Amino acid sequence: MLQLQIIREQTQAVIEGLGKRNFKEIELVQQVIDTDRQRRETQKSLDDLKAQSNNDARKIGELMKAGKAEEAGILRSSVANDKEKLKAMEGTLADLEANLQELLYRIPNVPASIVPAGKSAEDNVVAHQHGTIPKLHEGALPHWELIRKYDIIDFDLGIKIAGAGFPVYKGKGAKLQRALINFFLDEAEKQGYREIQPPIVVNEASGYGTGQLPDKEGQMYFVNADGLYMIPTAEVPITNLYRDVVLAEEDLPVKNVGYTPCFRREAGSWGAHVRGLNRLHQFDKVEIVQVRKPEESYQALEDMCHYVQGLLEKLELPYRKLLLCGGDMGFNSANTYDMEVFSAAQQRWLEVSSVSNFEAFQSNRLKLRYKNKEGKTQLLHTLNGSALALPRIVAAILENNQTPEGIRIPKALVPYTRFDLIN
RNA sequence: GGAGAGGUGGGUGAGUGGCUGAAACCAACAGUUUGCUAAACUGUCGUACGGGUUAAACUGUACCGGGGGUUCGAAUCCCCCCCUCUCCGCCA
């Protein structure tokens, strides 16, 4: 949620920024300003009237004590008169506040200056590319056939016990998952991240805190009986640890990492390009989350990108780094880089990480602040990134490293898998 | 699932209708004292949204888990909800 103050004071810049996103409902900005003005006017008159009636109430008390019941009675009836007015004004104010809130929820974050304008993924900019695209041997297979051939991941069994999009990992397939998770967690720890194991369900307030609600209500699994949402990413619980928190300066920066399964309904998004591991309802992901002082957040974004790129290099996967254009960024983000690995049998780039700076957009909702040296509380910046999402990494490893003898495990991973070939 | 207890400021914890935005203590911060540290003493010490100001000063309103009600007036009385804790039951 954008800060009201910024919309009020930098209206033109906000409108221009949202233009880079191709944001269709630009009129919401003016509506916010109008609603806010009405809200303030209403509050002023309401407060004045309340001040008046507070005074009257006090006077009545004094008159009663002084035994002047008659005068008290007169005053009492005049106060009763104001009550109707008060009620009405309170109603108006509540409506205005709710409207304002609702309008603010619908406005996405303003892209950072570096973000190019654009409508869709086609307008993203390749910021960096690394590694060579492997040449596969004759008869190379896509991963969804490799997993059958080596019997390491089983979609049919998953369908039997849960449904499509819930694969069962078996034998070396399961061990590969576990190895990747441990590898990612250990690497993050070396970079100073603290490991967190959060709940994988969250309450409604947490959903609002990081912006999944009300926006993406239908995308999360919902446990009706208990009013809990299954998390679509560890970002939700880990960032919400800091909801309604005022940090001390010495607590900063916050660098957390967590592994969780992630659950996504992916309603309506099934189609041609989602075979095999490309899109799942449940998948594993290690997520890094940072909380930073505003002036440090862009440096942190760089650091996080470099860290993720380092992981991909250690896994020997060819990748490219995309600077997302305004239209392709998430609702909450001010600046996002996507990392894509090349999956050689599919001949496709697969997104395996998304690293974002939300600036104060999330912390404004979360009320995540810190007390600076002058003793002033101010909003912090939040950032997060996948480091990394497993299924597509697995797909790329399987496809790129296949040989007639079997699938070669990247060297960095062998200490974790304790085997170097799937055959 | 059953029974009970409780939710007040950073913490402990007073407060059963007006003088309570809230005692006291602790913590924190600033200062005095001191050769330094400690102790002692003095002062400051909530948040949000408004008005006001170049900025302050100043000022209004709201907030004692959340929502509603009674009353001229609610932390205090009534109703509903939520949460936490304890015991019992069940269970990994």
Side-chain angles (χ1 to χ4, degrees), chain A residues 1-10 32-105 197-209 213 222-229 237 240-252 261 360 363-380:
Chain A
M1 180 167 68
L2 287 176
Q3 290 164 266
L4 189 51
Q5 198 190 350
I6 287 176
I7 296 180
R8 216 189 277 164
E9 291 172 4
Q10 303 169 35
V32 164
I33 290 170
D34 294 342
T35 309
D36 175 53
R37 204 195 53 244
Q38 288 179 53
R39 179 194 121 245
R40 275 147 65 206
E41 285 166 2
T42 307
Q43 188 183 333
K44 177 86 175 87
S45 7
L46 176 64
D47 284 356
D48 288 348
L49 189 59
K50 277 184 171 172
Q52 177 63 40
S53 85
N54 283 346
N55 270 328
D56 290 345
R58 205 169 303 127
K59 262 184 231 157
I60 291 169
E62 282 161 15
L63 290 171
M64 299 286 279
K65 234 173 228 169
K68 299 178 180 170
E70 221 173 291
E71 289 177 46
I74 295 166
L75 198 49
R76 203 177 284 191
S77 53
S78 102
V79 170
N81 209 19
D82 287 343
K83 272 202 105 172
E84 301 250 326
K85 244 193 275 177
L86 249 158
K87 265 244 154 84
M89 285 171 87
E90 274 174 351
T92 310
L93 184 63
D95 286 347
L96 287 167
E97 279 173 348
N99 286 347
L100 184 58
Q101 190 64 237
E102 201 256 334
L103 289 169
L104 284 170
Y105 274 150
Q197 274 197 30
I200 60 171
V201 292
V202 293
N203 57 26
E204 190 181 28
S206 299
Y208 276 96
L213 295 175
F222 181 59
V223 183
N224 218 328
D226 300 289
L228 295 170
Y229 294 87
N240 270 285
L241 298 176
Y242 300 92
R243 175 154 45 83
D244 293 319
V245 165
V246 180
L247 291 170
E249 190 154 7
E250 57 265 30
D251 298 329
L252 294 164
S363 58
N364 189 36
R365 271 198 199 182
L366 291 163
K367 297 204 189 71
L368 164 54
R369 293 162 297 171
Y370 84 109
K371 207 169 262 228
N372 66 19
K373 285 201 177 71
E374 292 80 52
K376 246 182 86 177
T377 53
Q378 61 174 292
L379 292 175
L380 285 158

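Chain letters run A, B, ... following the sequence lines, proteins first, then strands; residues in each count from 1. In this text the structure is predicted, and so the values were computed from the model without any measurement.
- Heavy-atom nearest nucleotides on RNA chain B were determined for A/T377 and for A/K44, and the one closer to the 5' end corresponds to A/T377.
- For the P atom pair drawn from B/U42 and B/U47, the interatomic distance equals 25 Å after rounding to whole Å.
- Rounded to the nearest Å, the gap between the P atom of B/C36 and that of B/G9 is 40 Å.
- Remark: A/N54 is in phosphate contact with B/A62, judged by side-chain N or O atoms under 4.0 Å from OP1 or OP2.
- OP1 or OP2 of B/G50 has at least one side-chain nitrogen or oxygen of A/R8 nearer than 4.0 Å.
- At least one side-chain nitrogen or oxygen of A/K83 sits closer than 4.0 Å to the OP1 or OP2 atom of B/G73.
- Taking only side-chain nitrogens and oxygens, A/R58 never comes nearer than 4.0 Å to OP1 or OP2 of B/C72.
- Between the P atoms of B/A40 and B/U59, the separation comes to 35 Å (whole Å).
- Of the candidates B/A48, B/G18, B/U61, B/U61 carries the atom nearest the A/A51 side chain, counting heavy atoms from C-beta on.
- Using a 4.5 Å cut-off on side-chain heavy atoms (C-beta onward), A/I60 and A/M64 make contact.
- As rounded to whole Å, 17 Å separates atom C1' of B/A48 from atom CD of A/Q378.
- Between the C1' atoms of B/C87 and B/C80, the separation comes to 26 Å (whole Å).
- Comparing the P positions of B/C72 and B/G60 gives a spacing of 25 Å, expressed to the nearest Å.
- A gap of 30 Å separates the C1' atoms of B/G6 and B/C19, to the nearest Å.
- Rounded to the nearest Å, the gap between the P atom of B/G10 and that of B/A3 is 35 Å.
- Considering only side-chain atoms of A/K87, the nucleotide from B/G69, B/G50, B/A48 that sits closest is B/G69.
- Nucleotides of RNA chain B nearest to A/N55 and A/R76 differ in position, and the one nearer the 5' end is that of A/N55.
- Pairing for B/C85 goes to B/G4, judged as Watson-Crick or G-U wobble with the two contacts each under 3.5 Å.
- Straight-line distance between the C1' atoms of B/A55 and B/G35: roughly 43 Å, to the nearest whole Å.
- Under 4.0 Å is where a charged nitrogen must lie from a carboxylate oxygen, and between A/R37 and A/D34 at least one such pair does.
- Spacing between atom CG of A/L93 and atom P of B/C63 amounts to 13 Å, rounded to whole angstrom units.
- Among the atoms of the strands shown, none is found under 4.0 Å from any heavy atom of A/R37.
- Ion pair A/R39/A/D36 flagged as a salt bridge, since at least one NZ, NE, NH1 or NH2 atom sits closer than 4.0 Å to an Asp/Glu carboxylate oxygen.
- A close approach under 4.0 Å does not occur between any side-chain nitrogen or oxygen of A/R40 and OP1 or OP2 of B/C49.
- When rounded to the nearest whole Å, the span between CG of A/L379 and P of B/A48 equals 10 Å.
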